[in-house]
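Let me begin by presenting the structure, written as structure tokens, before commenting on it.
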Amino acid sequence: MMQADWYFDFVSPFSYLHWQKIRPLVDAGRVRPLPIVFGAVLATLQQRGPAEIPKKREFIYRQALWQARREGVPMVFPPAHPFNPLPALRLCVAAGTTVAAIDALFDAVWRDGRALDTAEALADVASSLGIDDAAATIADPAVKERLRANTDAALAAGVFGVPTLAVGGELFWGNESHDLMLAVLDDPGLLEHGPLAGVGLIPVGIERRR
């Protein structure tokens, strides 16, 4: 069976929605979750985030809420969005990126509607994970470096958005790509033969000036 890396950020409502589906594969050891800094990916690629484009922002928020209702997943937006996800990401790394840590942080943000953007806001979640001093933990240079390394690995893999599942050098982006992800995990040959194999060879007809 194929194994894969799942890149995510707590700032992303679609990462929260997709976590509900991908968690069993993490439990089974088929997928490795890797928290990354989505903002750093956007900065490196010189792209605007979806929430930085006003009408797109409204659309993706409605789409996230619609998907949550359709999938039976509770969702409450935090007080402001986007928010600074670095404290939550660092706490996740410090806690070992365990299923329990990811659950606790996603639930606090997207089920309970909290902005975990300070050490103080993280204190109770950290305590539930056995971490007494959230401020010292998320300020630890080693924790920061591990998160930076995860983000660098995502960029090296070509990741451009979250959530993304990287399978054998191929990338699958977004909550609604889950069925395709499962199909490729179960049968990597899907990308080696037939129409899915040749998409990279489609010529570019025109490019915008930059």
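Not measured: the values here are computed from a predicted model.
- Between Leu34 and Arg32, some side-chain heavy-atom pair lies under the 4.5 Å cut-off.
- With Glu52 contributing its side chain and Gly49 its backbone, the two residues share a donor-acceptor pair below 3.5 Å.
- The closest side-chain heavy-atom distance from Val184 to Glu170 is not below 4.5 Å.
- Scored by the side chain to side chain donor-acceptor pair (under 3.5 Å) test, Asn84 finds no partners at all (sequence neighbours excluded).
- Looking at Arg30, its side chain does come within 3.5 Å of a backbone N or O of Leu185 through a donor-acceptor pair.
- In this structure the side chain of Trp19 reaches within 4.5 angstrom of the side chain of Val26, judged on heavy atoms.
- Closest approach of Cys92 to Pro35, counting heavy atoms only: SG-CG, 4.2 Å.
- The aromatic rings of Trp6 and His18 are tilted relative to each other, their planes meeting at an angle between 30° and 60°.
- Among Thr118, Asp117, Leu116, the single residue meeting the side-chain contact (heavy atoms from CB on, under 4.5 Å) criterion with Glu120 is Thr118.
- Each side-chain hydrogen bond (donor to acceptor under 3.5 Å, both in side chains) pair with one or both residues in residues 149-158, not counting sequence neighbours, would appear here, but there are none.
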Trace of the side-chain contact (heavy atoms from CB on, under 4.5 Å) decision for Leu42 with Arg48: CA-CA 6 Å; Leu42 292 173; Arg48 294 173 71 187; over 6 Å; no
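- By the neighbour-count criterion of 12 heavy atoms within 6.0 Å, atom CG of Asp27 is densely surrounded, having more than that number from other residues, nucleotides or ligands.
- Taken from CG in Asp140 to CG in Leu147, the straight-line distance is 12.0 Å, to the nearest 0.5 Å.
- Contact annotation: the side chain of Met75 never approaches that of Arg111 to less than 4.5 Å [non-hydrogen atoms, C-beta and beyond].
- Hydrophobic clustering, with ILVMFWY side chains joined whenever heavy atoms are under 4.5 angstrom apart, keeps Phe59 apart from Ile53.
- Nearest approach of Tyr16 to Pro74, heavy atoms of both residues: OH-O, 2.5 Å.
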Chi angles and distances behind the salt bridge (Lys or Arg N to Asp or Glu O under 4.0 Å) call for Arg23, Asp103: CA-CA 9 Å; Arg23 185 201 293 112; Asp103 269 340; 2.8 Å; yes
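- Interatomic distance, CG of Leu91 versus CD1 of Ile131, reported as 4.5 Å (0.5 Å rounding).
- With Leu89 as reference, Val37 is the one residue of Ile36, Thr97, Leu105, Val37 to meet the side-chain contact (heavy atoms from CB on, under 4.5 Å) rule.
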Trace of the side-chain contact (heavy atoms from CB on, under 4.5 Å) decision for Phe14 with Gln63: CA-CA 9 Å; Phe14 298 103; Gln63 186 183 41; 3.5 Å; yes
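- Side chain of Asp133 to backbone of Ala136: a donor-acceptor contact under 3.5 angstrom is found.
- In this structure, Gly113 and Pro79 approach most closely via the heavy-atom pair O-CD, 3.2 Å.
- Leu182 CG to Asp179 CG: the interatomic distance, rounded to the nearest 0.5 Å, is 6.5 Å.
- In this structure, Pro33 and Ile102 have side chains that are in contact, with non-hydrogen atoms separated by less than 4.5 Å.
- Of all heavy-atom pairs spanning Phe38 and Phe160, the tightest one is CE1-O, 3.9 Å.
- When side chains are defined from C-beta on, Val41 counts as touching Leu155, because their heavy atoms get closer than 4.5 Å.
- Put simply, the side chain of Glu71 does not reach to within 4.5 Å of the side chain of Gln20, judged on heavy atoms.
- Within the model, atoms CZ of Arg62 and CZ of Arg57 stand 11.0 Å from one another, a figure rounded to the nearest 0.5 Å.
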His81 vs Tyr61, ring pair (Phe, Tyr, Trp, His ring centres under 6.0 Å): CA-CA, chis, key distance, verdict: CA-CA 10 Å; His81 191 275; Tyr61 291 173; 5.3 Å; yes
CA sep, side-chain torsions, deciding dist, call: Gln67, Asn175, side-chain contact (heavy atoms from CB on, under 4.5 Å): CA-CA 9 Å; Gln67 288 182 16; Asn175 179 46; 2.7 Å; yes
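- Cluster annotation: Phe172 and Leu196 are assigned to the same hydrophobic cluster (Ile/Leu/Val/Met/Phe/Trp/Tyr, side-chain heavy-atom contacts under 4.5 Å, transitive).
- In this structure, Pro85 and Phe83 approach most closely via the heavy-atom pair CD-O, 3.0 Å.
- The main-chain N or O of Leu180 is never found under 3.5 Å from a side-chain atom of Ser177 such that the two would form a donor-acceptor pair.
- Residues Phe106 and Leu17 fail the side-chain proximity criterion, which asks for heavy atoms closer than 4.5 Å.
- For Gln46, the CD atom is loosely surrounded, since the number of other residues' heavy atoms within 6.0 Å does not exceed 12.
- Taking every heavy atom of both residues into account, Ala51 and Pro82 meet most closely at CB-CG, 3.7 Å.
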side-chain contact (heavy atoms from CB on, under 4.5 Å) evaluation trace for Val159 with Trp173: CA-CA 9 Å; Val159 169; Trp173 168 58; over 6 Å; no
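- When each of Asp107, Val125, Leu122, Val76 is tested with Arg114 by the rule side-chain contact (heavy atoms from CB on, under 4.5 Å), just one qualifies, namely Val125.
- Note on ring orientation: taking the six-membered ring where Trp is involved, the planes of Phe77 and Trp110 are perpendicular (angle over 60°, cut-offs 30° and 60°).
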